[in-house]
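Heads up, the thing below is written out as structure tokens.
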Amino acid sequence: VAGLTNLETKLGEVTGLAMAAQAATAKVLALAKADGESELEKKLQLMHDEASETENRCTDLAGEFDGKKTAILEEARSTKAKGAEMMKTYLDSDSDSLDGFEFLTMAEAGEVGHWSVLQAMSKTAHPRVVELVEWALPIQHRHLKEVMTASIDLAADEDPDETA
Ligand SMILES: [Fe+2]
């Protein structure tokens with residue numbers, strides 16, 4: 001988006017990833033429900049709520065960049081649309097909850113990566129961004145760990161020699 005600094009662009013991107021994460025966790029929640037994975041449903045619901053909280057905090061912070069909020073949110077919507085495309089490509093009607101958690105592993109790794117980039121850019125000069133990163137990055141690390149663990153647990157329940 002024209003007129004944004006690198007930092008503002010990255011803020012837009014993490015905002016868009018938080019929007020996309022809400023759609024992705026909702027989708028995988030439906031797959032987990034269909035597969036009767038009730039213990040994973042609670043984790044997905046929490047992840048979904050934290051993504052929503054992240055979007056709200058990002059949007060509030062975008063409002064503090066004078067006259068840039070609209071453009072930052074435009075960047076966010078563009079990132080969100082790319083995430084939706086990726087999910088549509090990756091998950092189809094044959095997908096089960098393991099496929100869902102594998103997709104979330106990529107998505108959460110993307111969030112960890114982007115928040116780490118924002119952290120590297122926000123050193124010292126932007127205390128409000130630093131504060132948001134300090135809140136968000138540990139949550140994204142936890143999300144990544146949880147979806148990887150869920151993938152591995154689901155895979156362990158599958159018979160490797162059974163026809164897929
Ligand atoms: Fe996340």
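Considering OG of Ser52 and CE of Met19, their distance stands at 10.5 Å, rounded to 0.5 Å. In this structure, the separation between OG1 on Thr25 and CE on Met47 is 8.0 Å, given to the nearest 0.5 Å. With values rounded to the nearest 0.5 angstrom, Glu111 atom CD is found 7.0 Å from Thr54 atom OG1. Rounding to the nearest 0.5 Å gives a distance of 12.0 Å between NZ of Lys10 and OG1 of Thr15. Atom CH2 in Trp135 sits 4.5 Å away from atom CZ in Arg57 (nearest 0.5 Å). To the nearest 0.5 Å, atoms CD (Glu64) and CZ (Arg128) are separated by 4.0 Å.
Summarising the local packing, CG of Asn6 is surrounded by 12 or fewer heavy atoms from other residues, nucleotides or ligands at distances under 6.0 Å. Environment of CE in Met148: sparse, with no more than 12 heavy atoms of neighbouring residues, nucleotides or ligands closer than 6.0 Å. In Asp159, the CG atom is crowded: over 12 heavy atoms of neighbouring residues, nucleotides or ligands sit closer than 6.0 Å.
Cluster annotation: Ile139 is connected to Leu132 through the hydrophobic network of ILVMFWY side chains, with a link wherever side-chain heavy atoms come within less than 4.5 Å. At a threshold of 4.5 Å between side-chain heavy atoms, the hydrophobic network of Ile, Leu, Val, Met, Phe, Trp and Tyr places Phe65 and Leu73 in two separate groups. There is a path of hydrophobic side-chain contacts, each under 4.5 Å, that joins Met121 to Val133. Tracing side-chain contacts under 4.5 Å through hydrophobic residues (I, L, V, M, F, W, Y), one reaches Trp115 starting from Leu4; they form part of the same cluster. Cluster membership check: Leu29 shares its hydrophobic cluster with Leu154, using side-chain heavy-atom separations under 4.5 Å among Ile, Leu, Val, Met, Phe, Trp and Tyr.
Heavy atoms only, all atoms of each residue included: Val14 and Cys58 are closest at CG2-SG, 4.1 Å. The two atoms that bring Met87 and Ala24 nearest to each other are SD-CA, 3.5 Å, heavy atoms only. Nearest heavy-atom pair across Ser97 and Asp35 is OG-OD2, 2.7 Å. Annotation for Ala51 and Ala21: closest pair CB-CB, 3.9 Å, computed over non-hydrogen atoms. Closest heavy-atom contact between Ser122 and Val130: O-CG2, 3.1 Å. Considering all non-hydrogen atoms of both residues, Gly83 and Ala20 come closest at CA-CB, 4.4 Å.
Counting heavy atoms from C-beta outward, Lys69 and Thr59 have side chains that approach closer than 4.5 Å. Within the 4.5 Å cutoff, no side-chain heavy atoms of Gln140 are placed close to those of Leu144. A 4.5 Å side-chain heavy-atom check between Leu31 and Asp99 finds every atom pair outside the cut-off. Residues Val147 and Arg142 form no side-chain contact, since every pair of their non-hydrogen atoms from C-beta on lies 4.5 Å or further apart. Residues Glu108 and Glu146 are not in side-chain contact: their nearest non-hydrogen atoms beyond the backbone lie 4.5 Å or more apart.
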Chi angles and distances behind the side chain to side chain contact (heavy atoms under 4.5 Å, CB included) call for Leu91, Met86
CA-CA 8 Å; Leu91 296 177; Met86 282 173 65; over 6 Å; no
Given Lys82 and Glu85, is the salt bridge (Lys or Arg N to Asp or Glu O under 4.0 Å) satisfied, shown in steps?
CA-CA 5 Å; Lys82 289 176 192 170; Glu85 265 316 301; over 6 Å; no
Report the C-alpha distance between Val117 and His114 in whole Å, list the side-chain angles of each, state the deciding distance to 0.1 Å, and finish with yes or no for side chain to side chain contact (heavy atoms under 4.5 Å, CB included).
CA-CA 5 Å; Val117 166; His114 278 77; 5.5 Å; no
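The side chain to side chain contact (heavy atoms under 4.5 Å, CB included) check on Ala150 picks up Leu40, Phe101, with sequence neighbours excluded.
The one candidate from Lys27, Glu50, Glu55, His48 that meets the side-chain hydrogen bond (donor to acceptor under 3.5 Å, both in side chains) condition with Gln22 is Glu55.
Side-chain N or O atoms of Glu8 include one that pairs as donor or acceptor with a backbone N or O of Thr5 at under 3.5 Å.
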